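Keep in mind that the numbers below use all heavy atoms, side chains included, and drop hydrogens, waters and symmetry copies. All values derive from a computational prediction rather than experimental measurement. Counting convention: from 1, in listed order, for ligands and their atoms alike.
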Amino acid sequence: MNEQGLSEKKIFSLLKGAKSEDMDYYKVLSSMCTHPHRIALEAHRLFLEANLGDLGLFPGTHGLENEVIKMLGELLHAPMACGYLTTGGTESNIQAVRAMKNLGVARRPHIKTPNIVVPDSAHFSFDKVANMLGVEVRRAALTPEFQVDIACMEKLIDEESVGLVGIAGNTEFGQVDPIEEISELALERELFLHIDAAFGGFVLPFMEKTYPFDFDIKGVTSIAIDPHKMGLSTIPSGALLARSPVFLDCLRVDTPYLTTKTQSTLTGTRSGAAAVATYAVMKYLGREGYRKSVEYCMTLTGAVIKGAREIGIEPLLEPVMNVVALAVPEPDRVRETLLDKFGWHVSITRKPRGLRLVLMPHTSPEDIDEFLKDLKTVVEGL
Ligand code: PLP
């Protein structure tokens, strides 16, 4: 650290330099985040100092957080659901598994090493869960359609299992697991069921085709949904919702020197600004606004699939949402060449290896035309 402070001019010139190295989401087809909506940005700026870790000092901001939870509960078919705004899908997943563990072990004290069964497609946040919580995370194989294989999931359940996880919009393929079937299994075996809808939560409710995934399904006990992905809010904005308050209550710790007596969140200090940004953008767009945004992304998705087929490339899966996996030859080389030669950021699916694209609102139809042209050049040059 420098001994004396630098001038404002110098600081901002340093910031400008760093910012110029960042991507402005142009040519970014690998990210599940995007530019926050203008309204979210403006709202965020107004509440920069608001700390949701000390609710008593910021009752206005906390009121808006509660409004967001209410709106999300309505969206996910449980208007009475409880919850709080997290830093994102990772925190929501960690907290959900923590609750399943606490409640599961309290219910069945014989459990020594609690386990959960998740689809093999589960996000890497579940690896963090395993490491942090001493919960064994068992990964069930996928069907050829990249949905969890129910029979395989069932086989992995034993006396030490506390919960199951289903994914509504998996990270690599955008596929939705058969949540109703997982729910039946959960009810039958008296297990909790957490749905990771970090990405799909702001997509599925706004699509023409319906995919059951939320609290409408009886066995679903908690859901992760991220406003900072397709919700168009600012970072960090995630949400954890639970059907019953017991789920959050079992996470409480005493907070002796704060304005509240207890806290069930993972982090202490929490961004009020991001919560207010989420409130503002949800109110501003309404269901109609999100429907349009999802429709736009699905149009881009359709254009990618059509264009890819015209150059002889098939998708690994007919896209369910705005995530595309393409069966290109030598995907790693194609990815590297697209970046080095043309500046496109795309990613890779693991099993099988393919080219993964996420079609977010920051991409234009013209970008897609250009991308397809570049993809053709790269693939023909292999
Ligand atoms: N769950 C799913 C399905 C995701 O796709 C992601 C991130 O892409 C996460 C969880 C983790 O979210 P975050 O990076 O906001 O913690």
Q.
Please give me the minimum heavy-atom distance between Leu85 and Arg270, naming the atom from each residue.
A.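 Of all heavy-atom pairs spanning Leu85 and Arg270, the closest is O-NH1, 2.8 Å.
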Q. Between the main-chain N or O of Thr262 and the side-chain N or O of Thr255, is there a donor-acceptor pair closer than 3.5 Å?
A. yes
Q) Quick one: does Arg353's side chain have a donor or acceptor within less than 3.5 Å of a partner on Pro331's backbone? A)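 Judged by distance alone, no pair lies under 3.5 Å.
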(Q) Determine whether Asn322 and Thr301 satisfy the following criterion, side-chain hydrogen bond (donor to acceptor under 3.5 Å, both in side chains), listing intermediate values before the conclusion. (A) CA-CA 6 Å; Asn322 47 329; Thr301 305; 5.7 Å; no
Could you list the atoms of ligand 1 found under 4.0 angstrom from a heavy atom of [X]?
X	answer
Met32	5 (O), 8 (O)
Ala198	1 (N), 2 (C), 10 (C)
Gly88	15 (O), 16 (O)

Q. For Asp226, is the nearest heavy atom under 4.0 Å from an atom of ligand 1?
A.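 The answer is yes: ligand 1 sits under 4.0 Å from a heavy atom of Asp226.
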Q) Is ligand 1 less than 4.0 angstrom away from at least one heavy atom of Gly169? A) yes
Q. Between Arg252 and Asp249, is there a salt bridge with N-O shorter than 4.0 Å?
A.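 Counted as a salt bridge, because a side-chain N and a carboxylate O are separated by less than 4.0 Å.
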Can an N or O of [X] be found at a distance shorter than 3.5 Å from an N or O of ligand 1?
X	answer
Asn170	no
Gly89	yes
Asp196	yes

Q.
Checking contacts here: is it the side chain or the backbone of Thr87 that comes within 4.0 Å of ligand 1, counting heavy atoms only? Could be both or neither.
A. neither
Q) Given that the side chain starts at C-beta and the backbone is N, CA, C, O, which of these parts of Asn93 lies under 4.0 Å from ligand 1, counting heavy atoms, or is it both or neither? A)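 Just the side chain.
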**Q.** Protein heavy-atom partner closest to atom 5 (O) of ligand 1 - residue, atom, separation in Å
**A.**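 The closest one turns out to be Thr171 OG1, 2.9 Å.
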Q) Which residue and non-hydrogen atom of the protein lie closest to atom 16 (O) of ligand 1, and at what distance in Å? A)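 So the nearest neighbour among protein heavy atoms is Thr90 OG1, 2.6 Å.
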Q | Option of least heavy-atom distance to atom 12 (O) of ligand 1 (set: His123, Lys229, His228, Glu172) | A | Lys229
Q. Phe146 vs Phe173 aromatic rings, parallel, tilted or perpendicular, using cut-offs 30° and 60°?
A.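 The rings of Phe146 and Phe173 lie parallel, inter-plane angle below 30°.
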Q. Would the number of heavy atoms belonging to other residues, nucleotides or ligands and lying under 6.0 Å from CE of Met80 be above 12?
A.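 Check fails, neighbour count at 12 or below.
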Q) More than 12 heavy atoms of other residues, nucleotides or ligands under 6.0 Å from CD of Glu208: is that the case? A)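 For Glu208, atom CD is not crowded (no more than 12 foreign heavy atoms under 6.0 Å).
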Q: Determine whether the aromatic ring centres of Tyr25 and His35 lie less than 6.0 Å apart.
A: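 Tyr25 vs His35: aromatic centres under 6.0 Å.
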